[in-house]
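Step one of this worksheet: look at the structure below.
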2 protein chains.
Amino acid sequence: MFQALADPNRRQMVQRLSEGPASVSELAAPLQMTLSAVVQHLAVLEGAGLVRSQKIGRVRNCQLETQALRAAERWISERRTLWERRFDRLGAFLAEQAAESEEENGA
Amino acid sequence: MFQALADPNRRQMVQRLSEGPASVSELAAPLQMTLSAVVQHLAVLEGAGLVRSQKIGRVRNCQLETQALRAAERWISERRTLWERRFDRLGAFLAEQAAESEEENGA
DNA sequence: GCGATACTTAAGCTCATGCTTCACCAACCA
DNA sequence: TGGTTGGTGAAGCATGAGCTTAAGTATCGC
């Protein structure tokens with residue numbers, strides 16, 4: 001899924017879809033590439049569960065699937081807070097050490 | 001930066017670093033590959049600003065840089081909430097339509 | 001029905017990515 | 001001081017990602 005978000009064109013597609021549903025050609029419009037390539041990118045996004053789409057008549061309607069985005073967000077968030085919490089504990093420890101050192105000086 | 005997080009081995013390194021700082025060989029230990037390869041992955045992570053490292057003696061000490069993680073998190077979050085808000089408005093609109101329809105039936 | 005539209009599928013091409021090996025250097029330590 | 005440990009750098013290789021072209025299919029509007 002991070003793999004899917006790794007490509008800037010795909011991120012642009014996600015960006016576009018975050019503003020509302022779109023057809024394949026609407027997604028393709030701002031991207032300087034073939035419709036074929038866009039469909040391939042779309043397949044990656046769908047494979048990652050980031051986008052859902054259904055064909056109505058001859059146009060395929062695509063929309064964002066927030067579940068997957070939420071999962072990615074959570075993964076990052078968990079790692080980040082884990083590290084930050086560790087950092088805070090370290091800070092507290094150092095502060096404590098400093099305080100003890102102060103005491104020793106005082107005694 | 002999403003590019004950097006795209007590789008599962010690199011994510012594992014980030015995971016490891018979220019639990020605390022580590023040397024290059026410590027990062028390499030659980031990964032079934034050469035130290036050389038690990039250093040290359042590390043370079044990618046550093047290039048993306050996800051990791052900072054400094055060499056002390058002959059061992060390189062690596063630690064997570066939460067700024068970049070935070071940025072990635074924000075990007076996802078913004079897209080997601082943008083879409084979800086749209087979704088909510090749509091729900092509200094449909095509810096309103098339904099209410100109007102009720103009124104018409106009543107009238 | 002017929003042309004235009006909106007994809008779809010397959011094949012192939014190119015370049016980046018992820019890895020390995022090998023040679024090397026620097027620092028630690030017995 | 002010499003061997004071991006920890007890391008660096010360059011070269012090369014295999015695979016896969018991203019793109020294109022080309023040919024095909026299914027709707028839509030007239």
Side-chain angles (χ1 to χ4, degrees), chain A residues 1-17 19-65 68-69 72 75-76 79, chain B residues 1-17 19-65 68-69 72 75-76 79:
Chain A
M1 190 186 38
F2 281 111
Q3 183 64 268
L5 288 175
D7 185 90
N9 292 314
R10 283 198 290 267
R11 277 202 303 277
Q12 199 175 330
M13 289 169 74
V14 168
Q15 161 72 40
R16 169 65 190 79
L17 286 173
E19 295 164 7
S23 70
V24 176
S25 8
E26 278 169 352
L27 284 177
L31 300 173
Q32 217 116 38
M33 65 173 104
T34 326
L35 201 64
S36 232
V38 173
V39 171
Q40 285 169 46
H41 280 307
L42 189 61
V44 174
L45 288 173
E46 287 206 61
L50 286 163
V51 169
R52 195 172 15 133
S53 77
Q54 55 180 337
K55 201 159 181 179
I56 301 173
R58 63 182 167 170
V59 1
R60 175 169 295 276
N61 201 274
C62 310
Q63 54 177 61
L64 220 52
E65 194 67 64
L69 281 178
W75 190 92
I76 297 179
R79 267 69 203 165
Chain B
M1 190 185 41
F2 282 112
Q3 183 65 271
L5 288 175
D7 185 90
N9 292 314
R10 284 199 289 266
R11 278 202 301 279
Q12 200 175 330
M13 288 169 75
V14 168
Q15 161 71 40
R16 169 65 190 78
L17 286 174
E19 294 164 8
S23 70
V24 176
S25 9
E26 278 169 352
L27 285 177
L31 302 173
Q32 216 115 39
M33 65 172 104
T34 327
L35 200 64
S36 234
V38 173
V39 171
Q40 284 170 47
H41 280 307
L42 189 60
V44 174
L45 289 172
E46 287 206 61
L50 286 163
V51 170
R52 195 170 17 133
S53 78
Q54 55 180 337
K55 203 162 180 177
I56 301 173
R58 62 180 168 172
V59 2
R60 173 169 298 276
N61 201 275
C62 309
Q63 53 177 61
L64 218 53
E65 194 68 63
L69 282 178
W75 190 91
I76 297 179
R79 266 71 206 160

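When reading the values below, keep in mind they use all heavy atoms of this one structure, side chains included, and skip hydrogens, waters and symmetry mates. In the text below, chain A, chain B and the rest are named by the order of the sequence lines, each starting its count at 1.
dT20(D) atom P lies 10 Å from atom CD of Q32(A), rounded to whole Å. Straight-line distance from the CE atom of M33(B) to the C1' atom of dT15(D): 15 Å, rounded to whole Å. At whole-Å resolution of the value, CD in Q40(A) and P in dT21(D) are 13 Å apart. When rounded to the nearest whole Å, the span between CD of Q3(A) and P of dT15(D) equals 18 Å. If you measure from atom CG of D7(B) to atom P of dT15(D), you get 17 Å, rounded to the nearest angstrom.
Residues passing the side chain to side chain donor-acceptor pair (under 3.5 Å) test with R10(A) are H41(A), sequence neighbours excluded. Listed by chain and residue number, E19(A), R79(B) satisfy the side chain to side chain donor-acceptor pair (under 3.5 Å) test with Q15(A) (two or more places apart in sequence, or in another chain). Applying the side chain to side chain donor-acceptor pair (under 3.5 Å) rule to Q3(A) yields no partners; only residues at least two apart in sequence or on another chain are considered. Every side-chain contact (heavy atoms from CB on, under 4.5 Å) that P8(B) has, sequence neighbours left out, goes to R11(B).
Nucleotides of DNA chain C lying under 4.0 Å from heavy atoms of chain B occupy a range whose first and last members, 5' to 3', are dG18(C) to dC28(C).
Of the two residues contacting DNA chain D, namely H41(A) and G57(A), the nearest-nucleotide position lying further toward the 5' end is that of H41(A).
Residues of residues 42-49 of chain B that place a heavy atom closer than 4.0 Å to DNA chain C do not occur.
Every pair tested for side chain to side chain donor-acceptor pair (under 3.5 Å) that includes a residue from residues 24-36 of chain B fails, sequence neighbours excluded, so the list is empty. Evaluation of the side chain to side chain donor-acceptor pair (under 3.5 Å) test over residues 45-57 of chain A, restricted to residues two or more places apart or in two chains, returns E46(A)-S53(A), R52(A)-E65(A), S53(A)-R60(A).
Taking each heavy atom of V24(B) and C62(B) in turn, the nearest pair found is CG2-SG, 4.4 Å. A68(A) and G49(A) get closest at one heavy-atom pair: CB-O, 3.3 Å.
Looking at R16(A) and P30(A), their side chains never come closer than 4.5 Å, going by heavy atoms from C-beta outward. Counting heavy atoms from C-beta on, the side chains of L50(A) and L17(A) never come closer than 4.5 Å. Residues L5(A) and L5(B) have side chains not in contact (no heavy-atom distance under 4.5 Å, counting atoms from C-beta outward). You'll find the side chain of V51(B) reaches within 4.5 Å of the side chain of L64(B), heavy atoms only.
When the local axes at the two ends of the helix from dG1(C)-dC30(D) to dA30(C)-dT1(D) are compared, using 5 base pairs at each end, they differ in direction by 30° after rounding to 10°.
Screening L35(A), L42(A), V14(A), V39(A) for a side chain to side chain contact (heavy atoms under 4.5 Å, CB included) with L27(A), the sole residue that qualifies is L42(A).
Here the straight-line distance linking atom CG of D7(A) with atom CE of M13(A) works out to 9.5 Å at 0.5 Å rounding.
OP1 or OP2 of dA17(D) has not a single side-chain nitrogen or oxygen of R10(A) nearer than 4.0 Å. Of the side-chain N and O atoms in T34(A), none sit less than 4.0 angstrom from OP1 or OP2 of dC19(D).
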Any protein N or O atoms within reach of nucleotides 2-6 of chain D? Criterion: under 3.5 Å, listing atom names and distances.
residue	atom	partner	partner atom	Å
dT5(D)	O2	R58(B)	NH1	2.1

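Put simply, the side chain of S36(B) and the base of dT8(D) share no donor and acceptor less than 3.5 Å apart.
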